[in-house]
Amino acid sequence: MSDQKQPNVRFAGFDDAWEQRKLNEVVNIIDGDRGKNYPHESDFYNHGDTLFLDTGNVRKNGFNFQTLKYITKYKDSQLQKGKLKIHDFVLTSRGTLGNLAYYDKDDHGQFPSVRINSAMLILRPILNNMVSNSFLESVFRGRIIDLFMKKDHVGSAQPHITKRDFSRVVINIPVNKNEQSSIGLLLKSVNDLIAANQSKSEQLKKLKKWFMQNMFI
């Protein structure tokens, strides 16, 4: 679909049209493996061949690798879906919704073999020559999840995002890839600034707690 749209605020020098596309025209949406070979607790190790992501590894601001669990090369070979490739996005889709991480070359260098769990989706770009990954990241970190859940609320006890319904979400994309990149870089810098301030805030809270515990006996 290509219904032309234009936002109210734009970078100077860009006047090309925007277009609407369904999400499944822009990314392949891939489930994790849920079959009989899905790992049990006894299959996890502190070290191993393949990193098996837990929900705690995918936070609002990206990957968190403080706590890791692995499966063996043999167990990995038994699984069919959910293996990461460079430039994949990982989205938490059950329980905690909308946390997003981008699997880049540095992550691949550190963890060359990675699988998602059943509470996640892989969003794999399929229009790399037309759509900037930095712009896609800004879209995924925007209001897309909130708007989706308001419209397609699935599950009352535990809301979740289904591959089928999420694939029909419509997003607006600038035709000009340079405009996409400019938007993506701007919003990434804002997100980085927010994350840095959140980190400072947490440090100050810990400092305050230490003072309270040690100054008032």
Side-chain angles (χ1 to χ4, degrees), residues 21-129 131 133-134 136-137 139-141 144-145 148-149 152-169 171:
R21 286 184 177 270
K22 287 184 178 179
L23 200 54
N24 64 0
E25 297 175 329
V26 181
V27 296
N28 285 322
I29 303 175
I30 303 167
D31 285 316
D33 201 301
R34 290 179 171 84
K36 63 181 181 179
N37 292 319
Y38 189 82
H40 300 287
E41 283 301 319
S42 59
D43 295 312
F44 296 127
Y45 299 90
N46 292 328
H47 302 280
D49 178 80
T50 297
L51 177 63
F52 197 86
L53 293 178
D54 188 83
T55 305
N57 295 132
V58 183
R59 303 288 180 82
K60 273 192 176 300
N61 296 313
F63 285 119
N64 182 302
F65 295 125
Q66 289 185 339
T67 303
L68 304 175
K69 60 184 182 182
Y70 293 84
I71 55 175
T72 63
K73 189 172 184 178
Y74 174 71
K75 172 54 69 173
D76 178 58
S77 69
Q78 291 183 308
L79 303 174
Q80 297 182 7
K81 299 187 298 180
K83 191 75 173 279
L84 290 189
K85 294 183 179 180
I86 298 175
H87 304 308
D88 281 350
F89 294 93
V90 180
L91 179 74
T92 55
S93 58
R94 187 180 297 272
T96 301
L97 301 177
N99 286 357
L100 185 83
Y102 179 61
Y103 184 65
D104 60 18
K105 291 181 180 179
D106 290 339
D107 295 323
H108 180 263
Q110 187 177 6
F111 304 104
S113 180
V114 183
R115 283 192 179 274
I116 62 171
N117 71 12
S118 59
M120 302 174 184
L121 294 171
I122 293 173
L123 309 178
R124 180 166 293 162
I126 56 178
L127 296 175
N128 290 320
N129 60 328
V131 182
N133 284 345
S134 64
L136 275 182
E137 183 169 4
V139 170
F140 296 143
R141 292 193 185 282
I144 186 171
I145 303 300
F148 171 79
M149 294 307 294
D152 297 277
H153 186 82
V154 181
S156 54
Q158 187 180 52
H160 58 281
I161 299 169
T162 66
K163 173 181 173 181
R164 182 189 64 184
D165 292 331
F166 198 52
S167 68
R168 295 196 291 261
V169 169
I171 60 175

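Numbers here are sequence positions counted from 1. Every heavy atom of this structure was used, including side-chain atoms; hydrogens, water molecules and symmetry mates were not. Treat the numbers as computed from the prediction; the structure is a model and nothing was measured.
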With Asp54, which residues qualify under salt bridge (Lys or Arg N to Asp or Glu O under 4.0 Å), at least two apart?
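Result, salt bridge (Lys or Arg N to Asp or Glu O under 4.0 Å) vs Asp54: Lys69.
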Nearest 0.5 angstrom please: [X] [atom1] to [Y] [atom2], how far?
| X | Y | atom1 | atom2 | value |
| --- | --- | --- | --- | --- |
| Phe166 | Ile145 | CZ | CD1 | 4.0 Å |
| Leu51 | Ile116 | CG | CD1 | 12.0 Å |
| Asn128 | Leu136 | CG | CG | 8.5 Å |
| Leu123 | Ser167 | CG | OG | 11.0 Å |
| Asn37 | Lys75 | CG | NZ | 5.0 Å |
| Asp104 | Phe63 | CG | CZ | 8.5 Å |

Before giving the answer on side-chain contact (heavy atoms from CB on, under 4.5 Å), spell out for Ile71 and Leu79 the whole-Å C-alpha distance, their side-chain angles and the decisive distance to 0.1 Å.
CA-CA 11 Å; Ile71 55 175; Leu79 303 174; 3.9 Å; yes
Applying ring-ring contact (aromatic ring centres under 6.0 Å, His included), run through Tyr38 and Phe52 and close with a yes or a no.
CA-CA 11 Å; Tyr38 189 82; Phe52 197 86; 5.7 Å; yes
Minimum heavy-atom separation for [X] and [Y], please, with both atom names.
| X | Y | answer |
| --- | --- | --- |
| Lys83 | Ser113 | CE-OG, 3.0 Å |
| Leu100 | Arg141 | O-NH2, 3.1 Å |
| Leu84 | Val90 | CD2-CG2, 3.6 Å |
| Tyr102 | His87 | OH-ND1, 2.7 Å |
| Arg124 | Ile30 | NH1-CD1, 3.5 Å |
| Asn64 | Gly56 | CB-O, 3.9 Å |

Within the distance-only criterion (no hydrogens, no angle test), does the side chain of [X] pair as donor or acceptor with the backbone N or O of [Y] below 3.5 angstrom?
| X | Y | result |
| --- | --- | --- |
| Arg115 | Thr50 | no |
| Asp165 | Thr162 | no |
| Thr92 | Asn99 | yes |
| Ser93 | Ala119 | yes |

Beyond-backbone contact of [X] with [Y], side-chain heavy atoms, under 4.5 angstrom:
| X | Y | answer |
| --- | --- | --- |
| Leu23 | Phe140 | yes |
| Leu121 | Asp31 | yes |
| Arg21 | Val131 | no |
| Ile126 | Asn24 | no |

Would Val27 and Phe89 count as a side-chain contact (heavy atoms from CB on, under 4.5 Å) here? Give the steps.
CA-CA 10 Å; Val27 296; Phe89 294 93; 5.6 Å; no
Return the orientation label for the Tyr70 and Phe111 ring planes: parallel under 30°, perpendicular over 60°, tilted otherwise.
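Tyr70 and Phe111: tilted rings.
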Do Lys81 and Asp33 meet the salt-bridge criterion of a basic N to acidic O distance under 4.0 Å?
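Between Lys81 and Asp33 there is no salt bridge, as every charged N stays at least 4.0 Å from the carboxylate O atoms.
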Please indicate whether Lys163 has more than 12 foreign heavy atoms, meaning atoms of other residues, nucleotides or ligands, lying under 6.0 Å from its NZ.
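Atom NZ in Lys163 is crowded, with more than 12 foreign heavy atoms closer than 6.0 Å.
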For Phe65 and Leu53: C-alpha separation, side-chain torsions, deciding distance, then whether side-chain contact (heavy atoms from CB on, under 4.5 Å) applies.
CA-CA 9 Å; Phe65 295 125; Leu53 293 178; 4.3 Å; yes
Can you list the residues that meet the side chain to side chain donor-acceptor pair (under 3.5 Å) rule with Asp49, with sequence neighbours excluded?
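Asp49: no side chain to side chain donor-acceptor pair (under 3.5 Å) contacts found.
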